[in-house]
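FYI, the numbering just counts along the sequence from 1. As the structure lists them, so they are numbered: ligands from 1, and atoms in each ligand from 1.
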Amino acid sequence: MTTSIDTANSTATPKLNKFEKLKADKDGLLVKQELEQFAQIGWEAVDETDLTHRLKWLGIFFRPVTPGKFMLRLRLPNGVLTGYKARTLAEIIQRYGEDGSADVTTRQNLQLRGILLEDIPDIFRRMHAAGLTSMQSGMDNVRNITGSPVAGLDADELIDTQGLVRKVQDMITNNGDGNPAFTNLPRKFNIAIEGGRDNSIHAEINDIAFVPAYREGVLGFNVLVGGFFSARRCEAAIPLNAWVAPDDSVVELSRAILEVYRDHGLRVNRQKARLMWLIDEWGMERFRLAVEAAYGQPLLTAAPKDEMDWDKRDHIGVHRQKQVGLNYVGLHIPVGRLQATDLFDLARLAEVYGNGELRLTVEQNVIIPNVPDSRLPMLLEEPLLQKFSIAPSALTRSLVSCTGAQFCNFALVETKQRAMALAQALDAELTLTQPVRIHWTGCPNSCGQPQVADIGLMGTKVRKDGKTVEGVDIFMGGKVGKDAHLGEKVQQGIACDDLHEVLRSLLIDNFGAQPCTREIDPGHSPAVVVVD
Ligand code: SRM
Ligand code: SF4
């Protein structure tokens with residue numbers, strides 16, 4: 001098989017970009033052995049490349065916006081954690097006072113803030129004891145692997161993906177210890193395993209998506225590949241024309257695709273290094289053959305259709321589980337931001353009212369599962385549910401926001417605070433009969449997934465009254481759930497100061513919003529308990 005000149009293992013010596021050079025000089029995983037030393041000498045004395053790049057292999061992100069206060073990105077397979085884990089994380093951030101917080105991310109994961117490098121060895125020991133890892137969660141590694149947040153709870157689900165997601169993560173990270181086989185990918189890589197009918201995790205925007213499908217009467221997964229967002233290009237995943245059984249075949253096929261990507265992915269231009277660029281260059285037929293060779297056995301062709309045939313749910317509110325007498329309760333976490341006290345409270349609620357488990361969603365919210373009917377009324381009286389509502393108002397309910405300028409140096413605008421303020425203001429003055437999904441992202445990297453939103457807002461800089469000010473480009477038409485497709489840019493260069501009026505008009509003209517005739521307490525519309 002011939003490879004292009006733009007590949008890692010081409011016979012011609014490829015010209016390496018800066019990131020390829022730093023990985024060739026020293027694998028990111030190697031800083032694991034140096035953590036005690038880094039902690040002793042302090043962040044200012046750490047080699048700059050180790051500090052700003054290689055530490056990300058362990059999930060430790062230097063934040064130029066808050067030098068010395070690091071972000072720690074975890075891995076929470078399928079978005080599942082326990083009260084014990086949440087309490088461990090709460091204890092970790094609590095010691096940082098106002099600097100310590102946690103964000104639920106768009107990959108149903110948690111990122112901790114305010115972390116000091118000197119504390120990392122102790123933090124890692126605590127995390128290890130609690131069964132938590134942050135291994136390989138940044139840079140050219142596989143990100144948190146997503147699965148339906150109601151896996152194992154949803155009466156209509158097809159495949160409970162929790163075990164599979166954990167197995168794929170364990171294969172990639174060597175059970176959290178670090179796996180040099182997959183620490184030098186050409187670029188970041190996303191995997192999703194959807195077992196439900198409503199495509200609750202935006203399968204189509206992942207480099208590999210396993211989606212439920214019956215083949216000759218047998219339930220398994222069709223496989224999609226190449227979905228991604230970047231500043232340069234956004235693509236939905238396309239069929240690999242393969243079907244696998246819901247067993248270790250998922251792990252093996254993930255391994256095979258990663259090996260092909262690792263060994264042949266394009267490494268010269270970092271803007272063209274995601275998996276889809278390789279598929280483009282090779283064509284799907286050749287890519288599939290290479291995957292099949294790495295898989296070690298013939299791939300079965302795809303089932304004619306997948307089973308994702310529902311509209312997407314947001315899981316907020318009270319919902320019956322498949323287990324008789326049990327419910328899951330989805331709490332709305334405004335733009336995903338949690339303080340230490342919130343994590344302690346969530347852990348307590350999960351343990352007192354549920355079975356100690358918590359789930360995270362890609363909408364940056366939290367679910368408390370396994371709440372018996374008898375305990376539900378008391379849970380709904382808990383003060384935390386005033387802050388994290390089960391019936392938020394229409395715009396606040398579906399709001400998603402990336403980190404933005406508060407902590408991210410790529411950001412062109414502040415996102416989270418602005419997103420909440422605008423949603424609450426518009427909720428107070430408009431009546432909507434349906435939630436409208438507004439996603440904010442601070443720059444074209446699209447971490448806040450504006451292309452999947454009803455209204456996506458992407459940070460940019462605009463000129464207004466002779467000055468450069470914060471603004472947004474507006475995306476619309478993102479469709480999620482069954483027949484998902486990506487939204488497109490419909491307006492550009494709107495100054496954030498003008499956004500209120502622009503959004504108000506969009507909501508009235510396109511989503512049936514009506515100006516309110518009565519006062520509503522923003523963020524707290526009447527609490528209607530929906531039990532389905
Ligand atoms: Fe992202 C880089 C935050 C989901 C596309 N992303 C970053 C960095 C690490 C940049 C940096 O060093 O500051 C951001 C960290 C800021 C901070 O301090 O929090 C960052 N990305 C996030 C999170 C936290 C957004 C959020 O608020 O939820 C999400 C963390 C997910 C996780 O738990 O691992 C996050 N990022 C995404 C997604 C959404 C998704 O995966 O569904 C995307 C688009 C999908 C994709 O990747 O195909 C995304 N992030 C990017 C990119 C563009 C990638 C590319 O191929 O060009 C970058 C920049 C890069 O990698 O060079 C980036
Ligand atoms: Fe940062 Fe841009 Fe990602 Fe937002 S979209 S977290 S601003 S890189």
> Does a salt bridge link Arg313 with Asp154, judged by any charged N lying under 4.0 Å from a carboxylate O?
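Counted as a salt bridge, because a side-chain N and a carboxylate O are separated by less than 4.0 Å.
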> Considering Arg337, Arg274, His53, Glu235 one by one, which has a heavy atom nearer to atom 48 (O) of ligand 1 than any of the others?
Arg274
> Is the shortest distance from a heavy atom of Gln271 to ligand 1 less than 4.0 Å?
no
> Determine, using ring centers only, whether Phe70 and Phe61 are less than 6.0 Å apart.
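No; Phe70 has its ring centre 6.0 Å or more from that of Phe61.
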> Only heavy atoms count here, so choose which of Leu360, Thr106, Thr105, Asn144 is nearest to atom 33 (O) of ligand 1.
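The nearest heavy atom belongs to Thr105.
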> Please identify which atoms of ligand 2 are closer than 4.0 Å to at least one heavy atom of Phe410.
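Heavy-atom distances to Phe410 below 4.0 Å select 8 (S).
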> With rounding to the nearest 0.5 angstrom, report the NZ to CG distance, Lys464 to Asp498.
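One finds 3.5 Å between NZ of Lys464 and CG of Asp498.
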> Does the cation-pi check pass for Arg233 over Trp277, that is, NZ or CZ under 6.0 Å from the six-membered ring centre and within 45° of its axis?
yes
> Touching ligand 1 at all, Ile205? Heavy atoms, strictly under 4.0 Å?
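Yes, Ile205 has heavy atoms under 4.0 Å from ligand 1.
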> Atoms of ligand 1 less than 4.0 Å from Gln364 heavy atoms?
26 (C), 27 (O), 28 (O)
> May I ask whether Ser446 has any heavy atom positioned less than 4.0 angstrom from an atom of ligand 1?
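Flag set, Ser446 near ligand 1.
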> Using a cut-off of strictly less than 2.8 Å, determine whether Cys443 has an N/O/S atom near atom 2 (Fe) of ligand 2.
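Yes, within the cut-off.
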> Tell me the nearest of Arg233, Arg270, Lys188, Arg187 to atom 62 (O) of ligand 1, using heavy-atom distances.
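Residue with the shortest heavy-atom distance to the ligand atom: Arg187.
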> Is the shortest side-chain N to carboxylate O distance from Glu363 to Lys312 below 4.0 Å?
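So Glu363 pairs with Lys312 through a salt bridge.
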> Under 4.0 Å from a heavy atom of Cys402: give me the atoms of ligand 2 that qualify, with their elements.
4 (Fe), 5 (S), 6 (S), 7 (S)
> Restricting to N/O/S atoms, is Cys447 within less than 2.8 Å of atom 1 (Fe) of ligand 1 or not?
yes
> At the 4.0 Å heavy-atom cut-off, does Ser401 count as touching ligand 1?
yes
> Going by the atom numbers of ligand 2, which of them fall below 4.0 Å from some non-hydrogen atom of Asn445?
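Under 4.0 Å from Asn445, ligand 2 has these atoms: 8 (S).
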> With a 4.0 Å heavy-atom cut-off (strictly under), which part of Cys447 contacts ligand 2: side chain, backbone, both or neither?
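It is both parts that get close, each with some atom under 4.0 Å.
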> Has Cys408 got an N, O or S atom lying less than 2.8 Å from atom 1 (Fe) of ligand 2?
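Under 2.8 Å: Cys408 contacts atom 1 (Fe) of ligand 2 through an N, O or S atom.
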> Which of the numbered atoms in ligand 1 are under 4.0 angstrom from any heavy atom belonging to Ser230?
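That gives atoms 55 (C), 56 (O), 57 (O) of ligand 1.
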> What I want to check is whether the side chains of Asp119 and Tyr96 have a donor and an acceptor closer together than 3.5 Å.
yes
> May I ask which of Arg107, Lys56, Arg75 has a heavy atom nearer to atom 41 (O) of ligand 1 than the others do?
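Answer by nearest heavy atom: Arg107.
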> Looking at Phe407, I'd like to know if the NZ or CZ of Arg113 sits under 6.0 Å from its six-membered ring centre while staying within 45 degrees of the ring's axis.
yes
> Suppose I only count heavy atoms of Ala411 and a 4.0 Å limit; which atoms of ligand 2 are within that range?
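In order of numbering, the contacting atoms are 7 (S).
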> Please report which non-hydrogen protein atom sits nearest to atom 5 (S) of ligand 2, along with the residue it belongs to and the distance in Å to one decimal place.
Thr441 OG1, 3.2 Å
> Answer yes if the side chains of Gln492 and Thr460 hold a donor-acceptor pair under 3.5 Å, and no otherwise.
no
> Are any of the side-chain heavy atoms of Val469 and Asp497 separated by less than 4.5 Å?
no
> So if I count the atoms of ligand 1 from 1 in the order they appear, which ones are less than 4.0 Å from some heavy atom of Gln111?
17 (C), 19 (O), 24 (C), 30 (C)
> Determine whether a donor-acceptor pair (N or O, by modelled atom type, separation under 3.5 Å) exists between the side chain of Arg75 and the backbone of Gln136.
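Here the side-chain-to-backbone pair exists.
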> Taking the basic N atoms (NZ, or NE/NH1/NH2) and the acidic carboxylate oxygens, is any pair closer than 4.0 Å for Asp342 and Arg337?
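Judged by the 4.0 Å cut-off on N to carboxylate O distance, Asp342 and Arg337 do not form a salt bridge.
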> State whether Phe19 and Arg270 meet the cation-pi test: NZ (Lys) or CZ (Arg) under 6.0 Å from the six-membered ring centroid, and within 45° of the perpendicular axis.
yes
> Say whether Arg143, considering both its backbone and side-chain N or O atoms, lies within less than 3.5 Å of an N or O atom on ligand 1.
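No.
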> Are any non-hydrogen side-chain atoms of Ile438 and Leu395 less than 4.5 angstrom apart?
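They are in contact (side-chain heavy atoms under 4.5 Å apart), so the answer is yes.
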